[in-house]
Undergrad: 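Below is one structure. I have some questions about it.
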Number of protein chains: 2
Amino acid sequence: MSDAHDVLFKTLADPTRRALFERLCREGEQTVGSLTAGAGVSQPAVSKHLGVLKQAGLVQDRQQGRQAHYSPRPGALVPLLDWTSEMAGFWERRFDDLEDLLKRMDQ
Amino acid sequence: MSDAHDVLFKTLADPTRRALFERLCREGEQTVGSLTAGAGVSQPAVSKHLGVLKQAGLVQDRQQGRQAHYSPRPGALVPLLDWTSEMAGFWERRFDDLEDLLKRMDQ
DNA sequence: CTGACTCATAACCAATGAGTAATATATTTA
DNA sequence: TAAATATATTACTCATTGGTTATGAGTCAG
């Protein structure tokens, strides 16, 4: 029952977590320490959020010594983009139908 | 602190609620009764979800006698589409930069 | 007017989840 | 080896929320 959309929406619904993901998208790969500075929460909280983001396939990590470098995973947002476009598309189509109907009635 | 993206993601994060919105997008305007049939939950639950969707600007309602007709609100998904495109765009840009760098190194 | 019908609201319960402090693990440095 | 550093994990608390049943408010039919 719990499809890809579910995981994506749930993961991005939390503002702290979404902010972390945004920073990674804007600024590229960063360590947990760097991300913790600026996030308004503790280091364990950041670690947990990164774990959730990783589980959702939104980020990947690379271990280097005692530091963990996280970066956004390209393509992870595609299902979200698809879903949104599809939903918007349904309305568009119905709007076209309505316009067609009105045009036909206008004749 | 709680911006439009927050409301949209939080609202769409619940699968039951997202399913209701999807049905409205696919099939167009429907009454609460019609929506309750098929949603796996009680009528009050559906009403509450519709209230949240309405609060988020994702749907609108129209009263007709004792029935409430709900329909998706066009344009409500635009901020979501924008955000997703923007995030995907950041990676794109960085990817281009990387390619440029590799090309320059190749010379 | 009365009873049936449609939907919203109220009151409550159980589960989820985001946060914390404390601690464990692993790596670098002195 | 011992201390310091970087991150993950554990155990816990607290607020939020999605679900329920019961009921209220409004509308239509007999």
Undergrad: On DNA chain C, does the nearest nucleotide to Gly40(A) precede the nearest nucleotide to Gly65(A) from the 5' side, or the other way round? Give the residue.
TA: Gly40(A)
Undergrad: When the distance from CZ of Phe9(B) to P of dA18(C) is rounded to whole Å, what number comes out?
TA: 15 Å
Undergrad: Donor-acceptor pair, Ser34(A) side chain versus Gln30(A) backbone, under 3.5 Å?
TA: no
Undergrad: Determine the minimum heavy-atom distance between Phe21(A) and Pro72(A), stating which atoms define it.
TA: CE1-CB, 4.3 Å
Undergrad: Measuring to OP1 and OP2 of dG19(C), would you say a side-chain N or O of Thr16(A) lies under 4.0 angstrom away?
TA: yes
Undergrad: Determine, for Asp14(B) against Lys10(A), whether the closest basic-nitrogen to carboxylate-oxygen distance falls under 4.0 angstrom.
TA: no
Undergrad: Would you find a donor on one side and an acceptor on the other, under 3.5 Å apart, between the side chain of Arg62(B) and the backbone of His69(B)?
TA: no
Undergrad: Could you tell me how far apart Asp6(A) (CG) and dG17(C) (C1') are, to the nearest whole angstrom?
TA: 15 Å
Undergrad: Please determine if a side-chain N or O atom of Tyr70(B) lies less than 4.0 Å away from the OP1 or OP2 oxygen of dA8(C).
TA: yes
Undergrad: Closest-nucleotide mapping onto DNA chain D: is Lys48(A) or Ala68(A) further toward the 5' terminus? I mean the 5' end.
TA: Ala68(A)
Undergrad: Grab the CD-P distance between Gln63(A) and dT7(D) for me, whole Å please.
TA: 8 Å
Undergrad: So, does His49(A) get its side chain near the phosphate of dG19(C), meaning an N or O under 4.0 Å from OP1 or OP2?
TA: yes
Undergrad: Using whole Å, what does the distance between atom C1' of nucleotide dA8(D) and atom CD of Gln67(A) come to?
TA: 15 Å
Undergrad: Less than 4.0 angstrom from a charged side-chain N to a carboxylate O is my criterion; do Glu22(A) and Arg17(A) meet it?
TA: no
Undergrad: Scan Thr31(A) against the nucleic acid and name what it touches under 4.0 Å (heavy atoms): base, sugar-phosphate only, or nothing.
TA: sugar-phosphate
Undergrad: To the nearest Å, give me how far apart NZ (Lys10(B)) and P (dT17(D)) are.
TA: 7 Å
Undergrad: Round to the nearest Å and state the distance from Gln64(A) atom CD to dT5(D) atom C1'.
TA: 15 Å
Undergrad: Quick one: Gln55(B) CD to dT16(D) P, roughly how many Å, whole number?
TA: 16 Å
Undergrad: As a test of reading the structure: which of dT20(D), dA8(C), dT7(D) is closest to the side chain of Val32(B), going by heavy atoms?
TA: dA8(C)
Undergrad: Between Ser42(A) and dG19(C), is there a contact of a side-chain N or O with OP1 or OP2 at under 4.0 Å?
TA: no
Undergrad: Ignoring backbone atoms, test whether Ser47(B) places a side-chain nitrogen or oxygen under 4.0 Å from the OP1 or OP2 oxygen of dC7(C).
TA: no
Undergrad: Do the side chain of Arg66(A) and the base of dT27(C) come within less than 3.5 angstrom through a donor-acceptor pair of N or O atoms?
TA: yes
Undergrad: Students often get this wrong, so: under 4.0 angstrom with heavy atoms, is Gln43(B) touching a base, only sugar-phosphate, or nothing?
TA: base
Undergrad: Expressed in angstrom and rounded to an integer, what is the separation of Asp14(A) atom CG from dT17(D) atom P?
TA: 11 Å
